[in-house]
Every structure is written in C-alpha cells, then in structure tokens.
2 protein chains.
Amino acid sequence: MNKQPKYRQVADALRREIDNGTYPPGSRLPSESELSARFDASRNTIRNGLNLLVTQGLVSSSQGLGYEVTKHEVFELNASRFENLEFPQNGDAYSTDVTNAGRRPHQTFRVELTPAPAYVAERLKVEEGSRAVLRFCHRFVDDVPWSTQATHYPEWLVEQGPRLTEPGDIAEGTTRYLASLGIEQVGYFDEISARMPTPEEARLLEIGAGVPVLLWTRTGFSNDRPIRCTVTTFRGDLNRMNYEIGDLSARSENEPQ
Amino acid sequence: MNKQPKYRQVADALRREIDNGTYPPGSRLPSESELSARFDASRNTIRNGLNLLVTQGLVSSSQGLGYEVTKHEVFELNASRFENLEFPQNGDAYSTDVTNAGRRPHQTFRVELTPAPAYVAERLKVEEGSRAVLRFCHRFVDDVPWSTQATHYPEWLVEQGPRLTEPGDIAEGTTRYLASLGIEQVGYFDEISARMPTPEEARLLEIGAGVPVLLWTRTGFSNDRPIRCTVTTFRGDLNRMNYEIGDLSARSENEPQ
DNA sequence: TGCATCAGCTTGTACCAACAAGCTGAGCAA
DNA sequence: TTGCTCAGCTTGTTGGTACAAGCTGATGCA
C-alpha cells in the first residue's frame with residue numbers, strides 16, 4: 001500500500017492542505033517539531049518533506065520564523081507592444097507599466113565597454129570578444145528586485161551614435177535616439193526560455209529556492225543588420241509575458257475592469 | 001573569512017569545476033564517499049551540497065549510478081509562425097519541426113467534454129464550469145516526453161463544428177476546419193510564464209528536480225469573440241520559444257547553415 | 001557459451017544528537 | 001513611556017549510524 005517514502009507522504013499531505021485552503025497563501029505552516037509529532041517522524045524526515053515543497057516554490061522558510069506559504073502577484077508584460085517609436089523602450093514602458101499598476105518603479109543603471117559574450121556576439125553577428133557597449137539596468141518594483149536587463153550594442157554602432165556610451169540615461173530613449181541618426185529598428189527576434197537561477201542571478205533578484213528565472217532575449221534589426229541584443233532576466237513567479245498577434249479587437253470588447 | 005557553511009562551499013567548488021570543464025556535461029561526479037573524504041565532511045553535508053546543485057538543475061542523481069552533470073539540447077519553437085492557414089496547427093507544425101530537426105515525433109491524443117477550469121473560462125469569456133471540449137495532446141521527441149497541450153473550445157463552437165468532439169485527429173487541422181465553417185482565427189494572445197512543475201506535470205514530462213516548466217497560453221480570437229484557449233507545458237530546459245516581429249530580412253542574411 | 005547469482009559499489013531513506021543563528025515577546029530598567 | 005536584555009521559540013548546520021534499494025561486473029555453474 002504505502003510504498004511512498006515517509007518524507008514524500010509528508011510533502012503530499014501538506015501540499016493537499018495548501019491546495020484545499022487549510023493553509024492559505026501567506027499563512028504559516030506548523031513548526032518542524034509539531035509536524036514531527038503529527039507524522040510520527042524525525043525532524044530530519046520532516047525537513048526532507050518540507051524541502052520538497054520549498055524547491056517546488058510552494059513554501060519558503062526563514063530562520064527563526066518558520067515556513068510560510070508563498071503568494072504571488074503576477075505582473076503582466078506586454079512584449080509585443082514594447083518597441084516602436086510611439087512607445088520607446090529603455091525604461092519608459094517599464095516605468096509606465098509599473099506606475100499604471102499603482103506600484104513604485106526604481107532602477108539602477110550602468111554603462112560599460114566590454115568584450116561581447118559568445119551568446120551576444122552570435123546574435124549581433126560580430127566576433128566573439130570584440131568590443132560592445134553594455135547598458136545594464138537593475139529594476140525594482142516597490143523596492144523588490146524585479147528584473148535585470150543587459151543590452152549590448154556592437155562597436156560599429158557606437159561610431160555613429162556616440163551617446164550610447166554616455167553613463168546616464170538617454171532621455172528620449174535609445175531606440176528613438178538611434179532612429180534620429182537614421183538607424184531604425186524595423187524588426188526584432190525574441191527568444192524565451194526558463195531555468196533555475198545562477199547564484200549571481202539569485203543574488204541580484206533575491207530569488208529563494210524553487211523559483212525559476214524567465215530569460216528573454218530580444219535582438220533588434222535595422223534594414224541590413226542586427227543593432228542590439230537585450231537579455232532580460234525576470235523572476236518567473238512574478239512575471240508573465242504577453243504577445244498580441246494579429247487582430248485582437250474581439251479581446252478588449254466587454255473586458256471587465 | 002570562511003563564513004559560508006560547508007555544504008555551500010562544496011556546492012560552489014563543484015559548480016566551478018563543472019563550469020570550467022573539469023566535469024563536462026554527461027560526465028559523472030565523484031561518489032559521495034569520495035567527496036566526503038576530499039572535503040573532510042560527513043556524508044550528510046556532502047549530500048546537502050549536491051542537493052543544491054540538483055535543485056539548480058546542474059546535475060542529476062540516480063540510485064546505484066551516481067551524480068551526472070546534465071546536458072541540454074535546446075529545441076527551438078517558432079511561436080509567431082505557428083498559426084495561420086498556410087501552416088495549420090495541431091501537430092502539423094510540431095511534427096514538421098521535429099522531423100526537420102532529424103528527430104522522431106510521437107504523440108498521444110484524447111478528446112473529452114469537461115467543465116471549463118476558471119483559468120480557461122476567463123479567457124474564453126464563458127461561465128466557469130460551463131462545458132467545453134478539451135483536446136489533449138501528450139507529445140514526445142525520440143520517445144522523451146516533450147510537452148503537453150490542452151486546447152479548450154467553448155460549447156457554442158461545437159454546435160457549429162461538431163467534428164471538434166471526434167476522438168481522432170482532424171486531418172486538415174482544427175484551425176483550417178473551423179475556417180471552412182466560416183470561423184476564422186484572425187488573431188491570438190499569448191501568455192508565457194515559468195514555474196516549478198506540479199507532481200502531475202513532473203510525471204507527464206518526466207521532469208526531475210531543478211527543472212522548471214514553461215507555460216504557454218494561447219487564446220485565439222475570431223472577429224467577435226475568443227474561439228479557443230490552448231495551454232502548453234514544456235520542459236523549460238529543453239525548449240526555447242521564439243517570436244519574430246516586424247521586418248527581419250536582415251536576420252537570415254548570411255546565416256550559417 | 002550462456003545464464004544466473006552475488007559481492008561490492010552507488011544513492012535513498014530514516015533515525016538520533018548537538019549546537020548555531022535568527023526572531024519575538026515578556027519583563028525589567030532607566 | 002521608552003528602550004534594552006534575554007528566555008524561548010523557530011530553522012540552519014553538521015556530525016553520526018543503520019539499513020534499503022538500484023546498478024555492474026566478476027564468478028561460477030550448467
């Protein structure tokens with residue numbers, strides 16, 4: 001009958017109770033010692049079971065406090081609207097979206113000249129290790145880390161648009177700035193994948209165990225070649241990316257709210 | 001100096017050695033007892049460290065065999081090309097893509113009439129729990145589970161397209177079938193998110209610890225209302241979704257291969 | 001030769017013990 | 001009242017032990 005190992009039974013029982021509302025999001029689970037008594041198992045076995053739930057992102061633990069059922073509030077990102085001249089990118093769409101949602105945006109910004117990593121060089125069609133401008137952005141919503149965004153521009157582009165290396169923000173947006181120089185972004189290629197965060201990503205995004213990152217790579221093209229490559233990392237549990245394709249007039253009709 | 005707990009030092013050291021090629025993808029790590037000797041730590045501590053790497057998706061373990069460095073082979077999905085009348089969906093694009101990649105596609109298929117889940121009902125603009133046709137697809141590549149796809153059609157649509165409830169495949173594709181009835185899909189709305197798999201998903205996709213799922217929801221619209229909602233789950237480590245937006249003629253120029 | 005068995009490796013499960021470290025509220029002191 | 005300390009809760013870390021269970025290659029029998 002009871003072929004499942006005990007720590008798995010513990011995890012399954014707790015998961016059911018989380019699902020059926022016995023422990024709603026934000027509430028605390030019983031302590032390890034209480035669970036130990038309830039399931040007649042050692043503390044180690046209980047910890048094994050709880051650890052399963054943690055790595056699945058259902059609960060989080062903190063020393064001294066206990067285990068808490070996680071609650072997410074998903075943030076919507078409209079990826080197909082981001083980039084055109086009406087709505088230039090580079091923080092504008094982000095700040096607007098966040099403010100409209102009644103949240104407070106905040107970002108730190110950094111510019112450097114670095115060798116292009118292989119992944120980026122491939123997409124920009126330049127030599128691996130050749131120089132590129134990196135504009136790096138670390139974004140927060142209500143002071144919670146939200147995403148990191150690293151945009152690389154190939155070196156040949158800098159000769160035409162020297163302001164790309166300026167340390168500050170480009171007020172009108174980089175897309176619009178480049179367009180004013182006759183370099184227009186006429187299309188882009190998006191790649192989306194998911195994986196567990198590297199320690200570096202976990203640090204920047206303050207991600208605990210059991211939360212994957214969404215990786216979004218956007219390569220922008222002018223008429224004749226790639227002009228930038230943006231790699232954005234999001235907390236997977238707090239973000240959802242949206243694409244609108246074709247005629248969606250039926251979607252907004254009678255939309256509640 | 002050495003503030004990091006020992007099990008973390010073990011994980012970090014092994015991660016570095018994986019990154020720098022000491023243990024390339026597919027190779028085996030030393031056994032727990034060997035590592036125990038090397039790091040002068042108990043087996044429990046070593047297991048704690050290894051468990052970190054497992055939940056981060058860097059290595060996988062199996063009883064009797066040991067720990068193996070994972071290797072992924074990413075599969076590209078062109079999401080913006082999937083759905084139009086030239087390339088109808090429902091397995092066609094999947095089979096074509098997989099065959100073109102020199103792999104062997106295989107899928108199981110199921111049709112049922114069920115109450116629409118809340119998530120789907122919201123998108124189809126029907127009452128939660130009202131009946132809907134579910135066409136469910138479990139897809140494999142070279143006999144490895146690849147994705148599950150659940151498409152819901154609202155009940156009112158079935159009255160116009162009764163073949164939707166047929167248990168078998170619809171040869172010409174559902175999109176084309178519906179178009180032949182005058183119900184044309186003129187646009188769609190995509191939502192993409194990532195999270196850790198539920199036990200059910202882990203079972204269907206044979207996902208081990210440390211691998212997230214990519215969730216792809218596509219809602220298709222006719223001129224006046226939503227006509228279907230497709231939820232696809234992928235192994236996050238084996239798939240990458242692509243979107244092409246705008247003019248990308250520059251992308252394919254001089255493309256190798 | 002061919003096949004079954006088993007020793008000896010591996011990880012998995014389960015228990016015990018002890019102390020470190022973080023948090024909270026009670027209670028005392030200024 | 002305000003602020004500090006500390007007892008007593010929580011989880012985190014590390015050590016130990018024992019046996020179960022899966023895999024592989026060597027051994028030896030038919």
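The base of C/dG12 lies outside donor-acceptor range of the side chain of A/R8, with no N or O pair under 3.5 Å.
Nearest heavy-atom pair across A/H152 and A/A132 is ND1-CB, 4.1 Å. Closest of all the heavy-atom pairs between B/N239 and B/L214 is O-CD1, 4.1 Å.
In this model, the phosphate group of D/dG12 is approached by a side-chain N or O of A/Y67 to a distance below 4.0 Å at OP1 or OP2. The shortest distance between the side-chain N/O atoms of A/R43 and the OP1/OP2 oxygens of C/dC16 is not below 4.0 Å. Residue A/S61 places no side-chain N or O under 4.0 Å from the OP1 or OP2 atom of D/dT11.
Within a 6.0 Å sphere centred on CG of A/D40, heavy atoms belonging to other residues, nucleotides or ligands number 12 at most.
In this entry the distance linking CG of B/N44 with C1' of C/dG12 reads 12 Å, nearest Å. As rounded to whole Å, 9 Å separates atom P of C/dC15 from atom CD1 of A/I46. Taking atom CZ of B/R47 as the reference point, atom C1' of D/dG15 lies 15 Å away to the nearest angstrom. Distance CD (B/Q9) to P (D/dT13): 12 Å, rounded to an integer number of Å. We find that CD of B/E32 is positioned 9 Å from C1' of C/dG12, with the value rounded to whole Å. Protein atom CZ of A/R28 is 7 Å distant from nucleotide atom C1' of D/dT10, rounded to whole Å. Distance, B/Y7 OH to C/dA21 C1': 13 Å, rounded to whole Å. Put simply, CG on A/L65 is 10 Å from P on C/dG25, counting in whole angstrom units.
Within the 4.0 angstrom heavy-atom criterion, only backbone atoms of the sugar-phosphate kind lie near A/S31; the bases stay farther away. Residue contacts for A/T45: at a heavy-atom cut-off of 4.0 Å it reaches the sugar-phosphate backbone alone, with no base atom in range.
Between B/L14 and B/L53 the shortest side-chain heavy-atom distance falls below 4.5 Å.
The side chain of B/K6 lies closest to D/dT14 when the candidates are D/dT14, C/dG12, D/dT10.
Separation of atoms CZ (A/F75) and CG (A/L238) is listed at 10.5 Å; rounding is to 0.5 Å.
Mapped onto DNA chain C by nearest heavy atom, A/D40 and A/Q63 fall at different nucleotides, with A/D40 at the one closer to the 5' end.
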